[in-house]
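Labels below follow one simple rule: chain letters A, B, ... track the order of the sequence lines, proteins then strands, and each chain is numbered from 1. FYI, side chains are in, hydrogens and waters are out, and symmetry mates aren't considered; it's all heavy atoms of this structure.
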Amino acid sequence: MNTILEVKDLSVEYRTDLETVHAVNGISFSLHRGQTLGLVGETGAGKTTTALSILRLLPKPTGVVTAGEILLEGVNLLDLSDAQMKALLGEKMSMIFQDPMSALNPIMKVGEQIAETLILHGAPHQTKKQVEQRVEETLELVGIPAFRKNEYPHQFSGGMKQRVVIAIALACQPHLLIADEPTTALDVTIQAQVLAMMSELRNKLDMSMIMITHDLGIVAQVCDDVAVMYAGEIVEYATTEQIFSPGAHHPYTTGLFGSIPDLKGGTKRLTPIEGLMPDPTELPSGCKFHPRCPHKMAQCETVPPPTVAFENHLISCHLYTGQAEGGLK
Amino acid sequence: MSVLVETKNLKKYFSVEAGVLHAVDDVSIQIREGETFGIVGESGCGKSTLGKTIIRLQEATSGEVLYKGENIHALKRRKMKELRRDLQIIFQDPYSSLNPRMNVLQIITEPMVIAGLSGREAVEKAKHLMEVVGLAARLEGVFPHELDGGRRQRIGIARALSVDPTFIVCDEPVSALDVSIQAQILNLMMDLQEQRNLTYLFITHNLAVVRLISDQIGVMYLGQCVEIAPTDELFERPLHPYTKALLASVPVADLSMRHRQPEVIRGEISSPVNPIPGCRFAPRCPYVTPLCTEGDIPLKDMGGGHSVACTLY
């Protein structure tokens, strides 16, 4: 399988006069063509920052990539000029934002918003008529009747607005789609519709996808690989099968699973992770999870944990030191 | 166990420009003492309005709410004020339901002072409550904006507990929180219920959460309660097509359901303004018959405390 995206040792900081937020701290992952990678973690884990740095949309001047490479089809995005980057966005990759209410322009017809993307990115030489036709095709693709192109966002429900946002992202048929919590703002029955549609479109257009979510149910349903993030680091990286199978896991992953009530019942009490996420301006030394970890050892407080590989299953934790390549215990 | 709170044909309509919005339409539920009654449904189904009308933060359009057998919507103002101590609420959004100009201690003492406790007593009790809900004593003088969502929700819980209520409406208390914090708050709420024999009306859209915390569950769709059942019964033997669709729509966090094609129900929630007669779910229902929209469909008792409003049964 060939790799479409490779992120190597990426670090991102937000700098202000008062403080420096260490949002992403040396993460690496790669994404194969046609696959979906889930970025899982809680608020402040650095998921959205990772996505924004891939798209080079970090807020300026506070957001700074301090180290690392982002290779899209072999090209390091961090070396590109703004103009080159702009040409890439939309055509090669695009993003779906969490909140469909605020991602759309309230005073522009939805058809115009899709056409805008097409004119700016995909099809500079197309005639007005061709653009119109593409707009209609794109709307139909996401399950909105073409005649609604002349309506404004407020005339659409939440689920339909998210479909419009997806239509804009897909208008130029990008190779890579980054979806940042695309269904968090939606009701479950609508979420099911949107997720089913996204999986279908991914197969149809042969896209690769990064799915940012905090919902392990969505991971089980749509992702091939999973990266669990905590305090700006990837603490565990595995296939979806591995993450959901018993065996060696990072204590944070275990805590995350212990925190969700089981839909099938049987749980009487949850086993949450004690404590809170660390302050990203003052991250703990050693392993960033050690203040909350039930398996804390002496070296966890001072020594950053090694990344241990069980074949393609990576865990950054002192617990598994020396167990590499030994297979899952 | 005895019934503590009961609604009888409770209705709450709002007049809007487009007509009459049926937020809560003929809901009759019974909440037993010391138990948790879960209300599930999607946004706009009237869950929160039901919660607020039950403790009379809103006047009912018609129907009754019986608390210990007495219709609270018929009470005089003074009597109602006394009763407020028994009936409390925890709100969804810990960001907007706390006064930003009051510190933690002030927020927790305020209800007690209104209820007639002296300042000193109130402060003492507030300090004790902070300990109960897991807020460090050093946070007394801190303002809500300095705290994270989990701690803010702990303040909301301490404030509700301050007047020793018997019944608490919990309106999506964990929806705005991250899962690890959500689990901490849910455990706290279950412990408090056991220690203080509290009765909860727990409103949520999260089916896994409602399964964990509830003894009985009512499923709402567009203002109507379409199914009521004991928790395990509802999850193992859902009867109403909407309940079935809802349960099938939740992404399950394990591999068994991985490559299952979810049964997606088509369409979206229709408008609660001037709704059609009969079953509100009819336009999306795969089993719809002409009978469904002919007239009102009452809840039918299916035995074992399970009742459903559907023409299929």
Side-chain angles (χ1 to χ4, degrees), chain A residues 40-45 143 156-160 183 185-197 199 213-223 240-245 252 255-277 279 292, chain B residues 40-45 134 147-151 174 176-188 190-191 205-213 231-232 235-236 242 245-271 284:
Chain A
V40 190
E42 298 179 273
T43 317
F156 289 78
S157 64
M160 289 303 245
T183 56
L186 307 177
D187 277 320
V188 275
T189 58
I190 308 301
Q191 166 173 291
Q193 293 173 1
V194 171
L195 285 178
M197 185 194 79
S199 299
T213 181
H214 64 271
D215 187 335
L216 291 164
I218 293 179
V219 172
Q221 213 175 306
V222 303
C223 298
T240 303
E241 277 82 10
Q242 286 164 340
I243 281 280
F244 284 92
S245 303
Y252 176 66
L256 216 49
F257 275 94
S259 299
I260 47 169
D262 192 348
L263 198 62
K264 297 205 188 88
T267 352
K268 277 283 148 275
R269 234 187 121 74
L270 300 168
T271 44
I273 312 164
E274 295 305 322
L276 303 168
M277 278 287 241
D279 180 347
R292 301 175 75 183
Chain B
V40 271
E42 299 180 278
S43 35
C45 74
L147 297 171
D148 58 275
R151 289 216 181 93
V174 295
L177 307 175
D178 269 322
V179 280
S180 70
I181 308 301
Q182 173 178 309
Q184 294 173 3
I185 299 291
L186 286 172
N187 277 350
L188 171 68
M190 290 189 284
D191 290 344
H205 67 276
N206 186 326
L207 287 153
V209 167
V210 88
R211 168 143 218 191
L212 174 79
I213 202 161
T231 301
D232 287 340
F235 278 84
E236 276 147 34
Y242 176 64
L246 202 59
L247 292 177
S249 298
V250 187
V252 185
D254 71 46
L255 292 173
S256 60
M257 311 291 259
R258 183 99 199 269
H259 297 291
R260 152 200 82 147
Q261 264 309 325
E263 292 166 51
V264 173
I265 44 167
R266 303 208 61 81
E268 300 195 6
I269 220 163
S270 45
S271 165
R284 299 172 78 183

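Inter-residue side-chain proximity for A/Leu256 and A/Val40 is flagged as met; some heavy-atom pair is nearer than 4.5 Å.
Checked by atom type and distance alone, the side chain of B/Glu42 pairs as donor or acceptor with a backbone atom of A/Thr189 at under 3.5 Å. A donor-acceptor pair is defined here as one N or O able to donate and one able to accept, closer than 3.5 Å; no such pair exists between the side chain of B/Asp178 and the backbone of B/Ser180.
Of the atoms belonging to A/Ile260, it is side-chain heavy atoms, and not backbone ones, that fall under 4.5 Å from chain B. Contact of B/Ile181 with chain A is made through backbone and side chain together, with heavy-atom distances under 4.5 Å. Looking at A/Gln193, both its backbone and its side chain come within 4.5 Å of chain B, counting heavy atoms on both sides. Neither the backbone nor the side chain of A/Met277 comes within contact range of chain B; no heavy atoms are under 4.5 Å apart. No part of A/Ser199 comes within reach of chain B, as not one of its non-hydrogen atoms sits under 4.5 angstrom from that chain. Interface remark: B/Asn187 contributes backbone and side-chain atoms alike to the contact with chain A (heavy atom separation under 4.5 Å).
Annotation: maximal heavy-atom pairing with chain B below 4.5 Å, among A/Asp262, A/Leu263, A/Val188, occurs at A/Leu263. Contact count versus chain B (heavy atoms, under 4.5 Å) is highest, among A/Gly275, A/Gly158, A/Gly44, A/Ser259, for A/Ser259. Among the candidates A/His214, A/Arg292, A/Arg269, the residue making the largest number of heavy-atom pairs closer than 4.5 Å to chain B is A/Arg269. Comparing A/Val222, A/Leu195, A/Thr271, A/Ile273 by how many heavy-atom pairs each has under 4.5 Å with chain B, the most go to A/Ile273.
Interatomic distance, A/Leu276 CG to B/Leu147 CG, rounded to the nearest 0.5 Å: 10.0 Å. Annotation: the span from B/Leu186 atom CG to A/Leu270 atom CG amounts to 6.0 Å, rounded to 0.5 Å. Atom SG of residue A/Cys223 and atom CD1 of residue A/Ile243 lie 10.5 Å apart, to the nearest 0.5 angstrom.
Of all heavy-atom pairs between A/Thr240 and A/Val219, the closest is CG2-O, 3.9 Å.
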